[in-house]
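Chain letters run A, B, ... following the sequence lines, proteins first, then strands; residues in each count from 1.
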Number of protein chains: 2
Amino acid sequence: MATRADVARLAGVSPSTVTYVLNGQRSVTARTKARVKAAMRELNYVPNAFARGLAGSHRGLLALHFPTDVHGFTPTEFAYVSAATDHARKLGYQLLLWTNRITDVEELHALLGQSIVDGVLLMEVVAEDPRLEVIRDSGVPFVTIGRPDDARGISFVDSDYRAMLRLAVDYLADLGHRSLVVLGQSTANLERGAGPTRRITDAVEEPARSRGMAVTPINVEFSSAGGAEAFRRLLLLHPQPTAVVAYNELAVPGLIGAATAEGFLIPDQLSVLAIGLSVLSAESCTPELTTVTPPISRIAQRAVEILAGAIRKKSSEQVHELMDPSLTVRASTCEPRSPADPHASASAASRSADMRPNGVEGLRPSGPQCR
Amino acid sequence: MATRADVARLAGVSPSTVTYVLNGQRSVTARTKARVKAAMRELNYVPNAFARGLAGSHRGLLALHFPTDVHGFTPTEFAYVSAATDHARKLGYQLLLWTNRITDVEELHALLGQSIVDGVLLMEVVAEDPRLEVIRDSGVPFVTIGRPDDARGISFVDSDYRAMLRLAVDYLADLGHRSLVVLGQSTANLERGAGPTRRITDAVEEPARSRGMAVTPINVEFSSAGGAEAFRRLLLLHPQPTAVVAYNELAVPGLIGAATAEGFLIPDQLSVLAIGLSVLSAESCTPELTTVTPPISRIAQRAVEILAGAIRKKSSEQVHELMDPSLTVRASTCEPRSPADPHASASAASRSADMRPNGVEGLRPSGPQCR
DNA sequence: CTGAAAGCGCTAACAT
DNA sequence: ATGTTAGCGCTTTCAG
């Protein structure tokens, strides 16, 4: 491994000059700069991260904290992590992955105490997040992806839930739907409360009212079994909703599976619009899912950028950014269609059991039915 | 931040003594040791990771490389990563997450060149893995989770596929199944070849032969849509298999969804046994999946341990470990049952379309049907 | 615009 | 059993 001294010798300059061409903290003649750069290239010089961390204040390390007990780690989550990793690298940082339970504040405290990271990215932030106090006290700069109820004193990048739900509701209303179910994540075993589900439940109200849509929230576990349960609950409602807006990645396959098993055609009899999924996740369902999503990589990028900025300037100015969502129409939504079966009329009086088609005509492959 | 010198002063010893009570590399009187420890506690002393990395050879950092283009990152994958993180921490290491495409060898080379990590853990190893040469050349110790075709010169921890498939086949044969489909992952767009799918296809042969079971391999994309396609292909087979052994986490929900949509009762008409899933994944399906799985956390732990050992001893002795699988019976498998419908007899002559039940009796909730 | 030199906090070889 | 000391490779202040 070549060191800075080697480069300096080869270029015929002093070691500090090498440093300065590297970080541009003071001006260097074009000529010497060129010679130094040539030397660096020739020796295949890479500055030693540890020496840097020791001498300066730049550690070159960021931590990404992903709690293991809020909900599972999905392919969508990975899209965030992977985008953050990439962008961090571009800014000269490596990402440490920290996975503790969100309530293991002691562990986090110890990790922070070692001061080996320049900053921390927090994922899966819940309404009252116990991590916040610890990390705020530690003085280490941090940015959250998502946000707590009380966002004073912190910087965050988050999805714009109001915009997402307006987009979703308008789209479904335009298709002709008059009612919908909002499928969220149960917070039963999470005393601190999950922010997004509540935020979504709130955000749907205004657009639904203005479009005259009836809304029923159903919160279930973050799992395929949760989706099956959601469908069971949905069957008990009357009038039965013709559309579902789902913010529960793992429940969606279960919901679709259960619905299809009952002879519900998707999207003909039940439109499913998923919120927040990565493209990969959306396209890997059958039928492929119509989605309203935030710009995942941009969120991750901005979070890293803001964090890097906070580290550099040491200014604790807070940045709050909500990112604009976009609608991608795929195969899981369409206008509501009354099944041919006369029993299955959409009248409010019909019993839910009547909705189930009785004949073999309900049995078809579960591929895209529409569009 | 207190330094080693502060501790030494407070304890009335020399700085190096502090070092030695810390790492036990030479004996220290019980008394002085006690005094030093007290001082450390009082000052809340944490050794500076960067100074350590600079002065010694211990960086305290491991990299976990997860390629983004082999297949998606699932909750099961996260179980490995999270277990590795935990165990690394116990051994005094932090884990860096590196996510590049598996073919981005240059990037990996650059990462390795900075020599900021003591060792590397490689996940998602494919049959001919381009990463291996690069990392071998770099001289950085590494351990793979999974293994390439040619495992000479490397240390790995992997699932014992032969044992897994013997377990799976025996279990299904004992239930009375006479034929099965092996559902693997298509390697269409992965020129280097995915190891596990082929290994599984191979490993099923011997036990299947000895139990007189017919085997049909079906490889599809790693997605829910892939599962739906698998079911479509399965319908074209005759005699139609009564069981599926699936090594394709994301395809399983799609397969079950498609099957249920066709009126196939799971597990009554089609048993599904999943290979390699984490408990969380298995339990979040509807019905919950019977699985044959390797001990995920132990694999991750062993990999970290072996890596730590290789780093410490600098001996390049190779360790090859195959971990014993276990069978967990849940709700997705049972003995094959002929549907009440007479058309659906299991005779080899029956057309596949005949397998589909025609009446409403096929329509039932998709919860556990058996056991 | 450039060079010299003092650390950063620790490890490990060398003394005692 | 314990103390002393020379670096590790870099950042940054102080001098030119």
Side-chain angles (χ1 to χ4, degrees), chain A residues 1-37 39-40 43-61 92-94 113-118 311-312 314, chain B residues 1-37 39-40 43-61 92-94 113-118 311-312 314:
Chain A
M1 269 303 66
T3 73
R4 190 191 53 154
D6 298 329
V7 176
R9 206 171 306 124
L10 208 172
V13 299
S14 85
S16 55
T17 300
V18 176
T19 297
Y20 292 119
V21 331
L22 218 47
N23 64 196
Q25 290 196 197
R26 73 187 193 192
S27 36
V28 180
T29 331
R31 270 210 1 185
T32 57
K33 184 181 286 185
R35 267 189 309 165
V36 169
K37 285 199 165 170
M40 294 200 304
L43 295 176
N44 218 288
Y45 170 71
V46 183
N48 180 307
F50 290 89
R52 255 170 121 146
L54 219 209
S57 55
H58 177 90
R59 260 88 248 251
L61 247 32
Y93 291 97
Q94 299 272 346
Q114 298 177 244
S115 62
I116 64 173
V117 296
D118 294 308
I311 292 167
R312 209 173 309 116
K314 289 178 167 296
Chain B
M1 269 305 65
T3 74
R4 190 191 51 152
D6 297 330
V7 176
R9 205 171 309 123
L10 208 171
V13 298
S14 83
S16 58
T17 300
V18 176
T19 298
Y20 292 119
V21 329
L22 220 47
N23 64 195
Q25 288 195 198
R26 72 185 194 192
S27 37
V28 180
T29 332
R31 271 210 0 186
T32 59
K33 185 181 287 185
R35 266 189 309 162
V36 169
K37 286 200 164 171
M40 295 200 301
L43 296 176
N44 217 285
Y45 169 71
V46 183
N48 180 308
F50 290 89
R52 257 172 121 146
L54 220 209
S57 54
H58 177 89
R59 261 86 248 249
L61 249 32
Y93 292 97
Q94 299 273 344
Q114 298 175 242
S115 62
I116 63 172
V117 296
D118 294 308
I311 292 166
R312 209 173 309 116
K314 288 176 166 297

Minimum-distance pair of heavy atoms, taken over all atoms of G92(B) and H58(B)
O-NE2, 4.0 Å
Rounding to a whole Å, what distance do you find between L54(B):CG and dC10(D):P?
9 Å
Whole-Å distance between dT2(D) P and K33(B) NZ?
10 Å
Would you kindly say whether S14(B) and T17(B) are connected by a side-chain donor-acceptor distance under 3.5 Å?
yes
Closest approach of Y93(A) to D118(A) (non-hydrogen atoms, all atoms of both residues):
CE2-OD2, 3.3 Å
Using the side-chain heavy atoms of N48(B), tell me which of these nucleotides is nearest: dT2(C), dG3(D), dC10(C).
dC10(C)
Can you name the closest pair of heavy atoms from V7(A) and V36(A) and give their distance?
CG1-O, 4.0 Å
First of V28(A) and A49(B) reached from the 5' end of DNA chain C, by closest nucleotide:
V28(A)
Taken to the nearest whole Å, CG/L22(B) to P/dC10(C) is 9 Å
Could you tell me the separation between the CE atom of M40(B) and the P atom of dG9(C), rounded to a whole number of Å?
17 Å
Between N48(B) and T3(B), is any pair of side-chain heavy atoms under 4.5 Å apart?
no
Using a cut-off of strictly less than 4.0 Å, decide whether T29(A) has a side-chain nitrogen or oxygen near OP1 or OP2 of dC1(C).
no
How many whole angstroms separate atom CZ of R9(B) from atom C1' of dT2(D)?
18 Å
So do L22(A) and Y45(A) actually touch side chain to side chain, heavy atoms under 4.5 Å?
yes
Provide a list of protein-nucleic acid N or O atom pairs under 3.5 angstrom, restricted to nucleotides 12-16 of chain C.
residue : atom : partner : partner atom : Å
dA12(C) : N7   : Y20(B)  : OH           : 3.1
dA13(C) : N6   : Y20(B)  : OH           : 3.3
dC14(C) : N4   : R26(B)  : NH1          : 3.4

Once you round it to whole Å, what is the distance between C1' of dC10(C) and CZ of R52(B)?
9 Å
What's the CG-P distance between L43(A) and dG9(D), to the nearest Å?
14 Å
Given atom CZ of F50(A) and atom C1' of dC8(D), what is their separation to the nearest angstrom?
12 Å
Is there a side chain to side chain contact (heavy atoms under 4.5 Å, CB included) between Y20(B) and T32(B) once you walk through the steps?
CA-CA 11 Å; Y20(B) 292 119; T32(B) 59; over 6 Å; no
Please confirm whether the shortest side-chain N or O distance from S14(A) to OP1 or OP2 of dA4(C) is below 4.0 Å.
no
